[in-house]
There are 2 protein chains.
Amino acid sequence: MPKPARILPMPDPSSRFEKVNKESTRDKVYRSLRNAILSGQLHCGERVKEIPLAQELGVSRAILREAMQQLIHDGLLESNSYRGARVIELRPEQIDEIIEARILLEGRAVRLATERIQNSQREELQAFERLLNKEKDPLKAGQLDLLLHQRIWRISGQAMIEKLLLQLTSPLFAMSLLMRSAETRGHEQMPALPRGTHKRLVDAICFGTPAKAAQELEAHLTENWTAIRRRVAEFVAREEAGKL
Amino acid sequence: MPKPARILPMPDPSSRFEKVNKESTRDKVYRSLRNAILSGQLHCGERVKEIPLAQELGVSRAILREAMQQLIHDGLLESNSYRGARVIELRPEQIDEIIEARILLEGRAVRLATERIQNSQREELQAFERLLNKEKDPLKAGQLDLLLHQRIWRISGQAMIEKLLLQLTSPLFAMSLLMRSAETRGHEQMPALPRGTHKRLVDAICFGTPAKAAQELEAHLTENWTAIRRRVAEFVAREEAGKL
DNA sequence: TATTGTAGAATTGTCGACAATCTGACAATC
DNA sequence: GATTGTCAGATTGTCGACAATTCTACAATA
């Protein structure tokens, strides 16, 4: 593997020691900014100015720029020369595109995971699912959901698909959280994420067939994202109306 | 769309004017390095030192580092802190992983392309295919092949899938070219790329059904890459033997 | 009044220098 | 002789300053 870098550090059973990778300042800044976007603290369309941000983070602009470069590549920021960077604004059609690609890739991943899963991983997935089911805070639930999916990708053993999925979900996750934060800023209530599909997906991976698992995944993703997609569409429409 | 950036500039019929994006030094450096890797001038596993390279390119290290950051994200370079960056070395299993993901994504792309293709695009694809068929130089043929595929992705209208495929093919393309350049450095002849499948793929997209096109794509990719995969395996085995 | 030209401020692009870390060779120790 | 400590040389990580470009507001012009 060409260094499964920047993929979440999960225990690697093939070595008796954990890796001792000191995290560079750039990577810390990268994670910090990524979290800020994914938790809605840097909101949708917001301009990102280098000097104030570098000061706030306590690093030089050079480092910040390198981190921003990665975020641009992730698709979380967009920039024009001499005109600054902004947090992306997703349009509803893009959500469809992303979900479609995600169903393709993650469908393959869950099929493989169902074939390759070990007993210890079965227990881990189920424990995760129980944890997620008990979580009331929708923000934390969203983060747990992402982590659960990442475990599944890792179990599939396909590093390349894992990498692509990780990239694919960044903007999606941002969008879902932005919607939630928009809601708390004075719009009506966000419908709660449907939770039941998680258990069915995990059960299918642990004890079902690959085909069954892929089917559950598609149902799970479709159900989860239909609501958010509609919400985004309404949100965008309202914004447009406000401007005119 | 959040700026289809860094994707090859193709004409955009929705505007009467071409975009007037001045290319930043960073992007020039990025393209230059990318070409150097993809054409085998920076070869497999080679260490990339910042100071000499920056001098050779005539830019400062800060700029070079930002460009390298993107290449690391592309998966063409890998770096460890304070230990420098190297051009990636692919292992045969990775080629399988990449091809598998590519068949998933590009399969969807050609289905969509078959449904959405316009007459002018049909002519363009066929012209491209004829050009590719006449090209004798395997290096140029490889580049034309990549360009042809990129046109197809663009026709599919799925920006996200296009972006993922572009990323996916970088290391693949590098690998195929590295194999070719290794051959010219004293190994036996590389078997020529099979060409016939291109015409069948293009014809299927232009005049066939989505299912037929997807089937042709899978055949095309499998046929093209089986040879290269085997060659990589032999190459790696020889390297290992040489070290022991 | 609507359009165009023109400073100045604000912001990003670029650079060279210094600090932190790694590498490899050689000496010290057992 | 093999292992461990230590020191230079090389390379990367980080920073602050300067140059280039864009933006904003206001004046000039018709």
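These values consider heavy atoms only, across backbone and side chains, with no hydrogens, waters or symmetry-generated copies. Residue numbering restarts at 1 for every chain, and letters A, B, ... go by the order of the sequence lines.
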Taking five pairs at each end of the helix from dT1(C)-dA30(D) to dC30(C)-dG1(D), what angle separates the two helix axes (nearest 10°)? 10°
Considering every strand and a 4.0 Å limit on heavy-atom distances, what is the contact class for Val48(B): base, sugar-phosphate, or nothing?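 The residue Val48(B) makes sugar-phosphate contact but no base contact.
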Nearest-Å distance for atom pair [atom1]/[atom2], residues [X] and [N]:
{"X": "Leu53(A)", "N": "dA10(C)", "atom1": "CG", "atom2": "P", "answer": "19 Å"}
{"X": "Glu50(B)", "N": "dG13(D)", "atom1": "CD", "atom2": "C1'", "answer": "8 Å"}
{"X": "Ile51(A)", "N": "dT21(D)", "atom1": "CD1", "atom2": "C1'", "answer": "14 Å"}
{"X": "Tyr82(B)", "N": "dC22(C)", "atom1": "OH", "atom2": "P", "answer": "8 Å"}
{"X": "Glu66(B)", "N": "dT12(C)", "atom1": "CD", "atom2": "C1'", "answer": "11 Å"}
{"X": "Arg26(B)", "N": "dA20(D)", "atom1": "CZ", "atom2": "C1'", "answer": "15 Å"}
{"X": "Met68(B)", "N": "dT11(D)", "atom1": "CE", "atom2": "P", "answer": "13 Å"}
{"X": "Asn80(A)", "N": "dT11(C)", "atom1": "CG", "atom2": "P", "answer": "17 Å"}

What heavy-atom pair brings [X] and [Y] nearest, and what distance separates the two atoms?
{"X": "Arg47(B)", "Y": "Gly84(B)", "answer": "NE-CA, 3.8 Å"}
{"X": "Ala109(A)", "Y": "Ser156(A)", "answer": "O-CB, 3.3 Å"}
{"X": "Arg26(A)", "Y": "Arg65(B)", "answer": "NH1-NH2, 3.6 Å"}

Nucleotide of [options] approaching [X] most closely (side-chain heavy atoms):
{"X": "Arg83(A)", "options": "dT14(D), dT22(D), dT12(C)", "value": "dT22(D)"}
{"X": "Lys49(B)", "options": "dT14(C), dT11(D), dT11(C)", "value": "dT11(D)"}
{"X": "Arg47(A)", "options": "dT11(C), dT11(D), dT21(C)", "value": "dT11(C)"}

Taking the basic N atoms (NZ, or NE/NH1/NH2) and the acidic carboxylate oxygens, is any pair closer than 4.0 Å for Arg86(A) and Glu78(A)? no
Find out whether Leu33(B) and Val48(B) are in side-chain contact, i.e. whether some heavy atom of one side chain is under 4.5 Å from a heavy atom of the other. no
Taking the side chain as everything from C-beta on, heavy atoms only, tell me whether Ile99(B) gets closer than 4.5 Å to Ile95(B). yes
Can you name the side chain to side chain contact (heavy atoms under 4.5 Å, CB included) partners of Thr226(A), sequence neighbours left out?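 Residues passing side chain to side chain contact (heavy atoms under 4.5 Å, CB included) with Thr226(A): Thr222(A), Arg230(A).
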Residues of residues 55-63 of chain B with a heavy atom under 4.0 Å from any atom of DNA chain D, listed by number, are Arg61(B)
Without swapping roles, check the side chain of Glu97(A) against the backbone of Ala159(B) for a donor-acceptor pair under 3.5 Å.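 A pair under 3.5 Å: yes.
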Taking atom types as modelled, find out whether Gln167(A) and Gln167(B) have a side-chain donor-acceptor pair closer than 3.5 angstrom.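 Short answer, yes.
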